[in-house]
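Taking it in order: structure first as structure tokens, then the write-up.
Below, all heavy atoms of this structure are taken into account, side chains as well, without hydrogens, waters or symmetry copies. Note that the structure is a prediction, hence the values are computed from the model and not measured.
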Amino acid sequence: MRNHSKSASFQDCPDCPVMVRIAPGSFSMGSDQGDRSERPVHKVTIAKPFALGAYEVTVAEWRACVEGGGCTGGMPRMTKPTDSTPIHNISWLEAQAYAKWLSQKTGQRYRLPSEAEWEYAARGGTTGRYWWDGQTGTLANCKDCGGAQERLTPASVGSYKPNPFGLHDMNGGVAEWVADCWHADYGRPPIAGSACCAAGPGGGAWLTSPTRRGCSTILTCGT
């Protein structure tokens with residue numbers, strides 16, 4: 001049963017990911033300093049509230065889908081994973097299957113977020129290149145981010161503090177699938193933060209430098 005309390009987070013079942021409620025709002029999407037695919041910067045309005053996974057989907061959560069018959073591809077090849085390792089080396093279709101399984105299991109609507117929803121949530125209301133701009137310390141699991149780094153496997157989910165929206169590992173860790181069609185630039189972006197069709201990753205990964213857009217799975221549910 002979904003927790004309808006005023007808390008910012010909820011969990012629809014014991015094997016389900018913890019979700020964080022995200023309020024509507026507007027932000028400047030993209031970067032004029034990055035890759036061509038991130039240009040031009042443009043204003044996007046997220047008109048409806050949604051929820052996003054507080055953490056990247058874990059190995060344990062994915063295993064529940066495999067054992068429940070929803071993730072028929074089984075467990076992907078990984079190096080020394082634990083139950084709290086973020087699932088990685090999965091395809092976009094596998095990520096979609098996981099969301100479908102959660103929807104069937106809970107009676108709620110789960111889906112991949114649009115790229116606009118993802119970036120809005122990753123920014124957490126901030127306007128810098130990363131949400132932690134100006135802060136000191138190790139704030140993400142990525143190349144050149146400081147701190148100890150295991151090259152063979154990403155850090156466990158929640159190893160670093162969350163962004164202002166309460167979301168962990170939106171940069172670094174593992175890249176995350178979104179719903180949108182990939183475009184070479186933002187000359188024809190999806191309208192008003194809506195999802196498109198297929199598919200691109202966001203968030204960077206533990207062996208790369210952090211990216212604005214960001215493979216693993218991060219989920220949204222709602223409209």
On a heavy-atom basis, which atom in [X] and which in [Y] lie closest, and how many Å separate them?
X: E61; Y: V57; result: OE1-CA, 3.5 Å
X: E176; Y: W118; result: OE1-NE1, 2.6 Å
X: L167; Y: G53; result: CD2-O, 3.5 Å
X: A97; Y: G70; result: CB-O, 3.8 Å
X: P154; Y: G173; result: CB-O, 4.1 Å
X: Y160; Y: A155; result: CE1-CB, 4.3 Å

Under 4.0 Å between a Lys/Arg side-chain N and an Asp/Glu carboxylate O for D12 and K105?
no
If we only count heavy atoms from C-beta on, is the [X] to [Y] side-chain gap below 4.5 Å?
X: H168; Y: P162; value: yes
X: E117; Y: I22; value: no
X: L112; Y: Q96; value: yes
X: M29; Y: R123; value: no
X: S26; Y: K43; value: yes
X: T127; Y: S28; value: no
X: H88; Y: E56; value: no
X: W132; Y: N171; value: yes

Verify same cluster id: V66, V59 (apolar side-chain graph, 4.5 Å):
yes
Taking [Y]'s backbone N and O only, do any of them form a donor-acceptor pair with [X]'s side chain (distance below 3.5 Å, no angle check)?
X: Q11; Y: C16; result: yes
X: N163; Y: A121; result: yes
X: D169; Y: Y55; result: no
X: D180; Y: E115; result: yes

Go through the steps to decide whether M75 and I87 satisfy the test side chain to side chain contact (heavy atoms under 4.5 Å, CB included), and finish with yes or no.
CA-CA 9 Å; M75 300 298 293; I87 196 73; 4.2 Å; yes
Interatomic distance, C65 atom SG to K100 atom NZ [nearest 0.5 angstrom]
11.0 Å
What's the separation between atom CG in D15 and atom OG1 in T106, rounded to the nearest 0.5 Å?
12.0 Å
With Y98, the ring pair (Phe, Tyr, Trp, His ring centres under 6.0 Å) member among W177, Y110, W62, W92:
W62
Under the criterion side chain to side chain contact (heavy atoms under 4.5 Å, CB included), I'd like the reasoning laid out for K80 against T85: C-alpha separation, chi angles, the key distance, then a yes or no.
CA-CA 9 Å; K80 299 192 298 186; T85 297; over 6 Å; no
Classify the angle between the aromatic ring planes of Y120 and F50 as parallel (below 30°), tilted (30 to 60°) or perpendicular (above 60°).
tilted
Distance-only side-chain donor-acceptor flag, S84 / T58, under 3.5 Å:
no
